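The figures here come from the full heavy-atom set of this structure, side chains too, leaving out hydrogens, waters and symmetry mates. None of these values were measured; they are calculated from a predicted model.
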Amino acid sequence: MKATAETSGQERSTKEERRREILDAAFEEFSTKGYAGASMGAIARRARASKETLYAWFDNKETLLNILFAARLDGMTTRAAAAAEQDPSVANILPIVAEDIIHFMLMIAPLSQAMGLAEAGEKATTLLGETIGAERRRFADYLLRRREQGDINFNDDPLELASLFVAMAEGEWSLRLGMGWVDHLTDDMIQDHARRVTRIFLKGVAPETP
């Protein structure tokens with residue numbers, strides 16, 4: 001029984017690793033050729049997988065793009081979720097979220113530069129919109145929970161407030177990098193920006209004092 005469980009665990013690990021390899025190959029293909037130029041066959045070749053394997057896991061190119069994007073988003077939210085188990089306060093979590101937003105922006109920059117959402121087509125755009133919307137709602141729900149705990153106070157639409165924080169975290173780094181005003185972002189620059197954004201944001205949602 002133990003041997004069977006170990007074998008099953010190894011098989012899951014191997015499948016997960018293979019899936020990550022395919023998603024990495026898809027990221028490279030979309031980033032190099034854009035959405036229109038990428039194909040399931042080319043992604044399979046880049047991943048050294050058969051098209052049958054690819055279609056067994058991903059129904060089509062639209063689904064693959066969305067799962068790729070969702071996997072990158074999941075990586076962004078994991079650190080904040082783990083930190084929230086120890087200390088869910090906004091003072092602890094928001095700087096982490098801001099840092100991870102910038103890291104996510106930098107990570108998907110090659111993909112963003114290679115393809116616009118309009119190029120992806122209506123179906124792919126709809127899927128991506130649903131994925132981004134779900135993440136936005138989770139962040140808004142977190143803000144609502146912190147309001148219930150008296151950690152922050154606001155009367156604004158929580159979804160709009162969540163989007164505002166994301167926009168503040170993103171800042172104008174894409175512009176600065178694109179225009180060559182900065183060569184790269186260091187960890188210190190990202191952390192300083194995250195703390196600054198959090199400080200400014202929290203001033204606007206500070207609990208009322210008696």
Side-chain angles (χ1 to χ4, degrees), residues 1-82 84 96-97 99-142 159 162-163 166-167 169-170 173-174 177-178:
M1 187 71 176
K2 182 179 179 182
T4 302
E6 288 178 352
T7 301
S8 177
Q10 290 171 353
E11 288 177 353
R12 278 197 305 273
S13 178
T14 301
K15 286 182 179 179
E16 289 172 1
E17 182 178 346
R18 193 70 184 109
R19 185 176 181 274
R20 280 197 302 270
E21 290 173 351
I22 291 174
L23 289 175
D24 288 343
F27 183 88
E28 293 295 330
E29 188 69 16
F30 285 127
S31 298
T32 302
K33 299 181 180 176
Y35 182 82
S39 68
M40 294 290 274
I43 292 169
R45 289 192 295 274
R46 190 182 285 267
R48 295 194 174 102
S50 67
K51 287 180 68 174
E52 289 75 17
T53 297
L54 209 62
Y55 279 108
W57 283 348
F58 312 101
D59 292 338
N60 46 51
K61 191 166 69 168
E62 295 93 343
T63 302
L64 174 53
L65 175 63
N66 184 57
I67 291 175
L68 166 63
F69 194 82
R72 296 308 197 256
L73 269 177
D74 285 342
M76 183 188 78
T77 58
T78 299
R79 193 166 69 105
I96 296 173
V97 172
E99 286 180 30
D100 287 348
I101 287 170
I102 298 175
H103 284 300
F104 177 74
M105 177 191 71
L106 295 174
M107 179 176 57
I108 67 166
L111 187 63
S112 301
Q113 292 166 3
M115 53 179 284
L117 287 180
E119 180 193 348
E122 183 178 352
K123 184 176 180 181
T125 302
T126 298
L127 288 172
L128 289 174
E130 291 173 351
T131 297
I132 294 170
E135 192 59 44
R136 181 169 169 254
R137 287 191 295 274
R138 277 193 289 270
F139 187 30
D141 288 342
Y142 164 76
L159 289 171
S163 296
V166 171
E170 289 178 346
W173 293 118
S174 293
L177 291 166

Q: Could you walk me through whether F27 and R46 pass the side chain to side chain contact (heavy atoms under 4.5 Å, CB included) test, one step at a time?
A: CA-CA 10 Å; F27 183 88; R46 190 182 285 267; over 6 Å; no
Q.
Please find the pair of heavy atoms, one from A47 and one from A25, that lie closest to each other, and give the distance.
A. CB-CB, 3.6 Å
Q: Report the distance from atom OG1 of T78 to atom CG of L73, rounding to the nearest 0.5 Å.
A: 10.5 Å
Q. Between T32 and E29, is there a donor-acceptor pair closer than 3.5 Å when you use the side chain of the first and the backbone of the second?
A. no
(Q) Quick test of your reading of the model: are E21 and R18 salt-bridged, counting only N-O distances below 4.0 Å? (A) yes
Q: Check T63, I43, D24, L23 against L68 for a side-chain contact (heavy atoms from CB on, under 4.5 Å) and give me the one that passes.
A: L23
Q: Please name the pair of heavy atoms, one in A140 and one in A162, separated by the smallest distance, quoted to 0.1 Å.
A: N-CB, 4.1 Å
Q. Any idea how F104 and F69 line up, ring-wise: parallel (<30°), tilted (30 to 60°), or perpendicular (>60°)?
A. perpendicular
Q.
Strictly by side-chain hydrogen bond (donor to acceptor under 3.5 Å, both in side chains), give each pair with a member in residues 132-141 just once, sequence neighbours left out.
A. E135-R138, R136-S163
Q. Say you draw a straight line from CH2 of W173 to CG of L106; how long is it, rounded to the nearest 0.5 Å?
A. 10.0 Å
Q.
Can you tell me how far apart OH (Y35) and CG (L65) are? Round to the nearest 0.5 Å.
A. 6.5 Å
Q: Taking only Lys NZ, Arg NE, NH1 and NH2, and the carboxylate oxygens of Asp or Glu, determine whether D100 and R72 approach each other closer than 4.0 Å.
A: no
Q | Non-hydrogen atoms of Y55 and M40 that approach each other most closely | A | OH-CG, 3.4 Å
Q) Are the side chain of K61 and the backbone N or O of A38 linked by a donor-acceptor pair below 3.5 Å? A) yes
Q: Working to the nearest 0.5 Å, report the span between CD1 of I67 and CD1 of I22.
A: 11.0 Å
